[in-house]
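Below is one structure, written out as structure tokens; the observations come after it.
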Amino acid sequence: MESPPRWKFTVIFSIIISLSLGLVSFILCITSEIKRNKKEDLRWNGKLCYLPSSQAFGLGIAALVSFILAQIIGNCILFKNSCSGRKRNAQYKIPVLAKLLLLISWLSFGIAVILLITATSMSKMQPYGVGWLNGECYLVKRGTYAGSAILVIVTVGSVIGSALSTIKTNQAEQGRKIHAQKG
């Protein structure tokens, strides 16, 4: 039985939205890397430090939000495709490749979120005597946002790959069932 065209459109549209949000998050991470505070921005009065807010703060929040939305939409595609009613009744098993890609996507998602949250909070203004942690100022290390950008691509690619592998498996099984009924 062929999938209705509306369902295929929804899957393709969701994949495009997830990829677009992932690309937006990637670009925002790279821009945050460029706009982060540098060592020259740090002010020291002998005892206390001050670090002004950088544009990386707002960009980091936007990157985090778009990244989380991309992960949610990508997982919705996967679970909608692999947990639909007809597959549960047919004792459908998620392919090993899809499971592996899903594990990779969640691991890289967790690491990227931790990096983005930490780097973004460090990009906020650190006033004299307050700092980021225990009254001390901290700078975001070079490459932190770029590393997050790479993890964004890995995460979105893995979850989309996982969703596509369940679609291909589903189509192959449907083809075998149709041929088996004809013979």
Side-chain angles (χ1 to χ4, degrees), residues 12-80 82 94 97-165:
I12 291 169
F13 183 71
S14 298
I15 288 172
I16 290 170
I17 294 295
S18 184
L19 282 172
S20 298
L21 286 168
L23 182 63
V24 165
S25 182
F26 174 81
I27 291 168
L28 289 169
C29 285
I30 296 299
T31 307
S32 295
E33 180 69 33
I34 294 167
K35 300 287 185 178
R36 68 181 173 75
N37 281 328
K38 311 293 188 283
K39 195 171 186 175
E40 313 69 71
D41 298 327
L42 184 65
R43 294 188 194 119
W44 180 259
N45 71 0
K47 281 172 77 176
L48 303 171
C49 62
Y50 171 80
L51 195 61
S53 182
S54 74
Q55 292 178 340
F57 178 70
L59 294 169
I61 290 173
L64 191 61
V65 168
S66 61
F67 181 47
I68 289 170
L69 288 173
Q71 179 74 351
I72 289 170
I73 291 170
N75 278 282
C76 286
I77 300 165
L78 174 66
F79 291 117
K80 172 72 174 152
S82 62
I94 297 175
L97 177 63
K99 290 178 184 177
L100 180 66
L101 288 173
L102 187 62
L103 176 67
I104 291 169
S105 80
W106 278 105
L107 288 174
S108 58
F109 176 77
I111 294 168
V113 164
I114 290 169
L115 284 174
L116 278 172
I117 288 172
T118 305
T120 300
S121 70
M122 289 171 120
S123 297
K124 195 174 180 183
M125 183 175 74
Q126 300 177 33
Y128 285 110
V130 177
W132 183 69
L133 186 65
N134 296 331
E136 296 181 21
C137 294
Y138 287 85
L139 288 170
V140 177
K141 283 197 171 214
R142 189 175 64 170
T144 302
Y145 283 111
S148 297
I150 292 168
L151 288 171
V152 165
I153 295 299
V154 169
T155 300
V156 172
S158 297
V159 78
I160 298 287
S162 183
L164 290 175
S165 70

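Side-chain contact between Lys99 and Leu103 is absent, with no heavy atoms from C-beta onward closer than 4.5 Å. For the pair Leu19/Leu23, no side-chain contact is recorded, criterion being any heavy-atom separation below 4.5 Å from C-beta on. Residues Val113 and Leu151 are not in side-chain contact: their nearest non-hydrogen atoms beyond the backbone lie 4.5 Å or more apart.
For Tyr138, the ring pair (Phe, Tyr, Trp, His ring centres under 6.0 Å) partners at least two apart in sequence or on another chain are Trp132. Applying the ring pair (Phe, Tyr, Trp, His ring centres under 6.0 Å) rule to Phe57 yields no partners; only residues at least two apart in sequence or on another chain are considered. Legend: residues meeting side chain to side chain donor-acceptor pair (under 3.5 Å) with Ser162, ordered by chain and number and at least two apart, are absent. With sequence neighbours left out, the side-chain contact (heavy atoms from CB on, under 4.5 Å) criterion links Ser158 to Leu101, Ile104, Ser105, Val154. Under the side chain to side chain donor-acceptor pair (under 3.5 Å) criterion, Thr155 pairs with Ser108, not counting sequence neighbours. For Trp44, there are no ring pair (Phe, Tyr, Trp, His ring centres under 6.0 Å) partners at least two apart in sequence or on another chain. Evaluation of the ring pair (Phe, Tyr, Trp, His ring centres under 6.0 Å) rule for Phe109 yields Phe67, Trp106 as partners, not counting sequence neighbours. Partners of Leu48 by side-chain contact (heavy atoms from CB on, under 4.5 Å), not counting sequence neighbours, listed by chain and number: Asn45, Tyr128. Not counting sequence neighbours, the partners of Ser66 by the side-chain contact (heavy atoms from CB on, under 4.5 Å) test are Leu21, Val24, Ser25, Leu28. The side-chain contact (heavy atoms from CB on, under 4.5 Å) test applied to Thr144 returns Leu115, Ala119, Val140, Lys141, not counting sequence neighbours.
Rounded to the nearest 0.5 angstrom, Leu51 CG and Asn37 CG are separated by 4.0 Å. The line from SG of Cys29 to CG of Leu64 is 8.5 Å long, rounded to the nearest 0.5 Å. Taking CG from Leu69 and OG from Ser20, the interatomic distance works out to 12.5 Å, rounded to the nearest 0.5 Å. In this structure, CG on Leu59 lies 4.5 Å from OG on Ser32, to the nearest 0.5 angstrom. The CG atom of Leu100 lies 10.0 Å from the OG atom of Ser165; values are rounded to the nearest 0.5 Å. Atoms CE and OG, from Met122 and Ser54 in turn, are 11.5 Å apart once rounded to the nearest 0.5 Å.
Nearest heavy-atom pair, Ala70 versus Val156, reported as atom, atom and distance to 0.1 Å: CB-CG2, 4.1 Å. Between Ala146 and Ile30 the shortest heavy-atom distance is CA-CD1, 4.4 Å. Of all heavy-atom pairs spanning Phe26 and Ala149, the tightest one is CD1-O, 3.3 Å.
Listed by first and then second residue, the salt bridge (Lys or Arg N to Asp or Glu O under 4.0 Å) pairs involving residues 36-56 are Glu33-Arg36 (not counting sequence neighbours). For residues 99-133, no pair satisfies disulfide bond (SG atoms under 2.5 Å apart), with sequence neighbours left out.
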